[in-house]
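Written below as structure tokens is the structure these notes are about.
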Amino acid sequence: MAEDQTLFTYLLRLADDHLILSQRLGELCGYGPTLEEDLALTNISLDLMGQARALYAYAGEVEGKGRNEDQLAFLRYERDYLNALITELPNGDFAQTIVRQFFVAAFMVPFWREMERSSDETLRAIAAKASKEVAYHLRHTSEWVIRLGDGTDESHARMEEALDALVMYTGELFETDEVTEAALRAGYAVDPKSLAHEWQQTVDSVLREATLTLPESGHMQTGGRNGLHTEHLGHVLSELQYMQRTYPGLNW
């Protein structure tokens, strides 16, 4: 794979993660359990959208085929999306929404911190802004994990159900393949495996305070990085792409 194609694919994976997760959280706008939490989740969604836009814009430059962030975000088919599967899973109940966001934020905090040392100037700039935002995402979701886990019998039970349902999707965050390895050799990427220890420590520490335990998962779901998705992504895209496909040429 040519160097530009490797960088383009690497950027696209990152951008798709942020766009799809942003869309999922955006579905909750107006439906939050409290007005304050509704605003908080919407703000996190907007942060993710901003990160996605910066990554798509850069990906378009690298690709050099005239596609901008709108075309990359809204005019690709399902198999062309390269997001991790955990980002496309339904919101479920509030416990599942919080656990999904907590798992991802616990990964993205060290990821963006390490990316600030990338050899790529644009990625460093994106990382510098994103680092501040994901630190808030992790703090906010950690507080909810503790509050719900150490709350009532029902909230504790729902958190356990959410952990059981989602833990099998966390392994994909740490996967490497030929794209990642080529990007690492080029000096602009972050080795996801190197983040596993810190992610585990963060998750264990918060769950311990929440009186919860991370369940073991022998099997980890995978496929998103290669365009193989759950049945949920198509529904996400049908809503996400509706305006752009109905009124072609809209600008972000």
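Across all their heavy atoms, I20 and T87 have their closest contact at CG2-O, 3.5 Å. Shortest non-hydrogen contact noted between G32 and D38 is N-OD2, 2.9 Å.
Here ring pair (Phe, Tyr, Trp, His ring centres under 6.0 Å) pairs that include residues 204-248, with residues two or more places apart or in two chains, number zero. Sorted by first and then second residue, the side-chain hydrogen bond (donor to acceptor under 3.5 Å, both in side chains) pairs with a member in residues 23-35 read R24-E27, E27-N91; sequence neighbours excluded.
Put simply, the side chain of T141 gets close to the backbone of L138: a donor and an acceptor are under 3.5 Å apart. Panel note: side chain S205, backbone Q201; no donor-acceptor pair is recorded below 3.5 Å. Although no hydrogens or angles enter the test, the distance criterion places no donor-acceptor pair under 3.5 Å between the side chain of S45 and the main chain of L41. In terms of modelled atom types and a separation under 3.5 Å, the side chain of R13 and the main chain of L82 share no donor-acceptor contact. No side-chain donor-acceptor contact under 3.5 Å links Q51 to the backbone of A15. Between the side chain of N226 and the main chain of L228, no donor-acceptor pair closer than 3.5 Å is present. Side-chain atoms of T170 come within 3.5 Å of backbone atoms of V167 as a donor-acceptor pair (strictly under, hydrogens ignored).
Here L7 contributes atom CG and E63 contributes atom CD; the two are 11.5 Å apart, rounded to the nearest 0.5 Å. Note: Y58 OH to L123 CG = 6.0 Å, rounded to the nearest 0.5 Å. Atom OH of Y10 and atom CG of L14 lie 5.5 Å apart (nearest 0.5 Å). If you take OG1 on T122 and CG on L11, they are separated by 9.0 Å, rounding to the nearest 0.5 Å. Separation of atoms CD1 (I44) and CE (M49) is listed at 14.0 Å; rounding is to 0.5 Å. The distance from atom CG of L19 to atom CG of L237, rounded to the nearest 0.5 Å, is 8.5 Å.
Criterion: ILVMFWY side-chain heavy atoms under 4.5 Å apart, direct or through other members. Under it, I86 and L28 are part of a common hydrophobic cluster. Clustering ILVMFWY residues whenever any of their side-chain heavy atoms sit less than 4.5 angstrom apart, transitively, puts F102 in a cluster other than the one holding M220. There is a path of hydrophobic side-chain contacts, each under 4.5 Å, that joins V203 to Y136. Tracing side-chain contacts under 4.5 Å through hydrophobic residues (I, L, V, M, F, W, Y), one never reaches W112 starting from L184; they form parts of separate clusters. By the criterion of side-chain heavy atoms lying less than 4.5 angstrom apart, applied directly or through intervening Ile, Leu, Val, Met, Phe, Trp or Tyr residues, V99 is grouped together with M168 in one hydrophobic cluster.
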Stepwise, does the side-chain contact (heavy atoms from CB on, under 4.5 Å) test hold for L39 with T42? CA-CA 5 Å; L39 292 171; T42 302; 5.7 Å; no
When you look at L214 and Q200, which way does the side-chain contact (heavy atoms from CB on, under 4.5 Å) test go after all the steps? CA-CA 9 Å; L214 186 68; Q200 189 73 52; 3.5 Å; yes
Working for side-chain contact (heavy atoms from CB on, under 4.5 Å), residues M159 and L207: CA-CA 10 Å; M159 287 297 289; L207 292 186; 5.7 Å; no
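No side-chain heavy atom of D70 sits under 4.5 Å from any side-chain heavy atom of L75. D17 places none of its side-chain heavy atoms less than 4.5 Å from the side chain of M108. Between S155 and F94 the shortest side-chain heavy-atom distance does not fall below 4.5 Å.
Partner of N83 under the side chain to side chain donor-acceptor pair (under 3.5 Å) criterion, chosen from E88, H18, E172: E88.
The number of heavy atoms from other shown groups lying within 6.0 Å of CG (D177) is above 12. Counting heavy-atom neighbours within 6.0 Å of E181 CD, excluding the residue itself, gives a total above 12. No more than 12 heavy atoms of other residues, nucleotides or ligands shown are found within 6.0 angstrom of CD on E209.
Counting only N and O atoms by type, the side chains of W144 and Q101 include no donor and acceptor under 3.5 Å apart. Under the 3.5 Å distance criterion, with hydrogens and angles disregarded, a donor-acceptor pair is assigned to the side chains of Y56 and D16.
Residues satisfying the salt bridge (charged side-chain N to carboxylate O under 4.0 Å, His left out) test with K129, not counting sequence neighbours, are E133.
Electrostatic pairing of R117 and E114 counts as a salt bridge here, judged by a charged N lying under 4.0 Å from a carboxylate O. Looking at D93 and R158, a side-chain N of the basic residue comes within less than 4.0 Å of a carboxylate O on the acidic one, giving a salt bridge.
Under a cutoff of 6.0 Å and an axis angle of 45°, R67 and F74 do not form a cation-pi pair.
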